[in-house]
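Here's a structure for you.
Indexing begins at 1, ligand by ligand and atom by atom, following the structure's order. As the structure is a prediction and not an experimental result, all values here were calculated from the model.
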Amino acid sequence: MSLALARKWRPKKFSELVGQDHVVRALTNALEQGRVHHAWLFTGTRGVGKTTLARIIAKALNCNAPKKSDPCGVCDSCVSIDRGRFVDVIELDAASNTQVDNMRDLLDTAAYKPTVGDYKIFIIDEVHMLSRSAFNAMLKTLEEPPEHVKFILATTDPQKVPVTVLSRCLQFNLKPIPVPIIEDQMKKILGEENIEFDSQGIELLSRYARGSLRDGLSLLDQSIAQGNGKVEEESVKSMLGVVDESLVQSLVEITLNQDADLLTQKINDIERMGASFAFVLDEMASLLQRLSLFSLTTQGLDERLIEGYQRLFDQTDDEHLQLLYQIVTIGKRDLLLAPDEKVGFTMTLLRMMAFLPDRGRDRKPQKNKEIANSIPTSKSPATQKVRTKVDTHAQVMIDLKTNADWKVFVSKKVPSGMAKMLAENSEFESFVEGVLRLSLDGDQKHLLVDRYKDKLRDLLREHIDAKCRLKIKVGAVSDTPLATEESEIKQRLDQTTRDLEEDPFVRSLKDDLGGKLVSESIRPNK
Ligand SMILES: [Zn+2]
């Protein structure tokens with residue numbers, strides 16, 4: 001194959017463009033109805049079809065025999081525009097400086113009528129890179145555009161385009177192309193090219209393309225070359241430095257089991273395989289995301305996955321998954337700062353190990369009734385959810401006599417939101433004859449809004465007294481739920497830090513590897 005796939009299969013008509021249906025529909029409608037704006041701006045990340053679309057429009061406007069809105073693709077105009085040899089279509093890449101220098105001269109030619117075509121079309125890619133003077137030159141033409149001039153601008157960074165220019169353009173946002181669409185397109189191309197492939201290899205490449213068909217096709221080129229003319233999962237994996245889902249699952253499991261020996265072994269395995277640690281982190285993040293979703297729905301998952309997910313999910317919980325996700329994504333971000341990828345990767349996984357889900361911690365030391373009850377007995381996440389719901393409704397009407405009772409009420413019964421902030425900043429005064437009196441911290445008096453107060457009153461009526469009334473005055477406070485919570489968090493944080501410092505594993509990290517505990521990264525165990 002002499003021609004790269006991305007170039008060979010570059011769409012030449014609207015009907016061939018995939019993944020941008022909304023934009024294509026708007027453009028073809030406008031062209032069919034002859035409502036042709038004088039300046040378009042296409043935004044979107046790399047490789048989603050911005051300049052491809054620009055060229056199709058340029059052809060549609062200058063084609064000698066257009067079919068509805070689509071260019072014919074075979075007339076002299078279409079052919080020479082495709083080859084980049086049509087004098088009236090001027091294509092510029094603002095990212096290359098030499099061309100920007102010519103920008104003014106080129107724009108000066110806008111005043112002259114097109115030589116061969118119906119329209120003189122300026123296609124400017126990465127337009128945000130233009131210099132101020134070039135923008136000014138363009139603006140002059142944009143303000144009073146001659147009938148025969150069209151601008152088609154493209155950028156990955158629309159925020160850097162001056163508002164004066166933006167406001168004169170019809171803007172279209174091109175979206176990253178979804179994985180299944182990239183997959184379909186790759187399969188179609190390979191079919192036409194008579195190249196053997198397996199679906200797993202294609203799926204992997206499509207995911208790795210990250211929404212860019214162009215990147216996807218160039219990966220496809222590489223994998224055809226590496227796989228001796230075939231696209232197969234194994235060769236794709238080794239090319240991308242990808243690892244198995246099972247390895248990713250076992251990494252998460254190892255951190256949950258805090259098995260440092262096994263972890264070291266796995267990390268060495270990954271290194272030996274020549275896999276990319278950055279990619280493994282990406283895969284872990286996406287597994288954690290799927291696990292979080294798994295707690296809500298099992299739709300679209302095959303049996304094989306469900307079993308593995310269930311096993312992992314049983315050892316964690318929603319909140320903990322969120323934390324792990326954060327650790328992994330931050331770890332990925334900071335990988336560049338690490339001495340090398342392996343060190344960064346190891347530290348990220350150790351950090352994951354340092355945090356266990358609440359029930360995981362509680363389960364070992366004490367087994368009193370309350371804790372035993374809080375451990376879901378059912379294996380299914382769906383029933384687990386129902387259980388939680390039942391639990392919150394099990395208790396009715398709490399006694400509210402003291403400031404301590406008030407704090408319990410606020411922490412247990414008031415869901416987060418503005419009403420909770422109002423409650424947390426208020427101290428209990430008295431509760432007499434169905435009237436609850438609170439005093440609100442003067443610094444927080446902006447929270448005294450009827451809506452929040454009503455919400456709080458409704459909660460009181462639900463849990464304390466069906467006829468409860470609420471009076472809040474602004475005044476001095478000394479012991480609000482918030483103050484208590486803050487000091488508790490501080491205490492727990494101190495304790496967690498001490499635990500971590502004393503942890504033999506963390507200690508060996510510090511002593512052997514010169515590791516340091518990043519205090520900002522420590523979150524208290526609840
Ligand atoms: Zn044509």
Side-chain angles (χ1 to χ4, degrees), residues 1-42 44 47-93 99 106-107 109-125 127 141-142 145-154 169-172 174 177 181 184-185 188-189 191-193 213-214 217:
M1 218 173 343
S2 53
L3 206 56
L5 290 178
R7 258 179 66 207
K8 182 170 175 188
W9 287 87
R10 187 175 197 175
K12 296 191 163 63
K13 298 176 178 185
F14 287 115
S15 47
E16 291 170 4
L17 202 87
V18 296
Q20 306 296 353
D21 296 351
H22 63 297
V23 174
V24 166
R25 211 172 309 125
L27 287 170
T28 49
N29 282 341
L31 285 167
E32 272 169 36
Q33 293 161 16
R35 289 182 291 108
V36 184
H37 207 262
H38 62 271
W40 290 282
L41 174 66
F42 296 129
V48 291
K50 298 185 295 296
T51 51
T52 298
L53 203 49
R55 277 202 198 164
I56 297 175
I57 295 174
K59 282 189 287 182
L61 289 172
N62 280 314
C63 177
N64 300 329
K67 293 173 183 147
K68 280 186 150 182
S69 55
D70 248 341
C72 76
V74 290
C75 70
D76 286 349
S77 304
C78 285
V79 171
S80 50
I81 291 173
D82 272 335
R83 289 184 181 156
R85 285 187 202 144
F86 194 76
V87 284
D88 294 320
V89 175
I90 298 123
E91 223 173 304
L92 282 171
D93 183 359
Q99 294 193 323
L106 278 165
L107 283 169
T109 69
Y112 307 108
K113 288 229 150 84
T115 322
V116 274
D118 297 328
Y119 294 97
K120 186 166 254 178
I121 298 167
F122 293 89
I123 299 176
I124 308 174
D125 196 14
V127 66
T141 321
L142 275 177
E147 259 309 292
H148 60 267
V149 172
K150 303 287 171 204
F151 282 95
I152 311 178
L153 314 176
C169 295
L170 202 54
Q171 198 172 324
F172 292 99
L174 275 66
I177 303 171
I181 291 183
D184 286 348
Q185 189 68 4
K188 186 181 146 196
I189 291 174
E192 302 259 341
E193 299 275 346
L213 189 55
R214 186 175 63 212
L217 292 183

Go through the structure and list residues passing salt bridge (charged side-chain N to carboxylate O under 4.0 Å, His left out) with Lys50, not counting sequence neighbours.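 By the salt bridge (charged side-chain N to carboxylate O under 4.0 Å, His left out) rule, Lys50 matches no residue at all.
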So, at under 2.8 Å, which protein N, O or S atoms would a careful student list around the Zn ion (ligand 1)?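 For the Zn ion (ligand 1), the protein N, O and S atoms that sit under 2.8 Å away are Cys63 SG, Cys72 SG, Cys75 SG, Cys78 SG.
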Can you sort out the partners of Phe86 under ring pair (Phe, Tyr, Trp, His ring centres under 6.0 Å), two or more places apart, ordered by chain and number? none
Do any N or O atoms from the side chain of His148 and from the backbone of Ala110 form a donor-acceptor pair under 3.5 angstrom? yes
Consider only side-chain N and O atoms of Trp9 and Glu193, and report whether a donor and an acceptor are under 3.5 Å apart. yes
Is it the case that Asp70 and Ser15 place a side-chain donor and acceptor less than 3.5 Å from each other? yes
Name each donor-acceptor pair under 3.5 Å that joins a side chain in residues 114-125 to protein atoms two or more places apart or in another chain, with its distance.
from	atom 1	to	atom 2	distance (Å)
Thr115	OG1	Asp88	OD1	3.3
Lys120	NZ	Thr109	O	3.0
Lys120	NZ	Tyr112	O	3.4

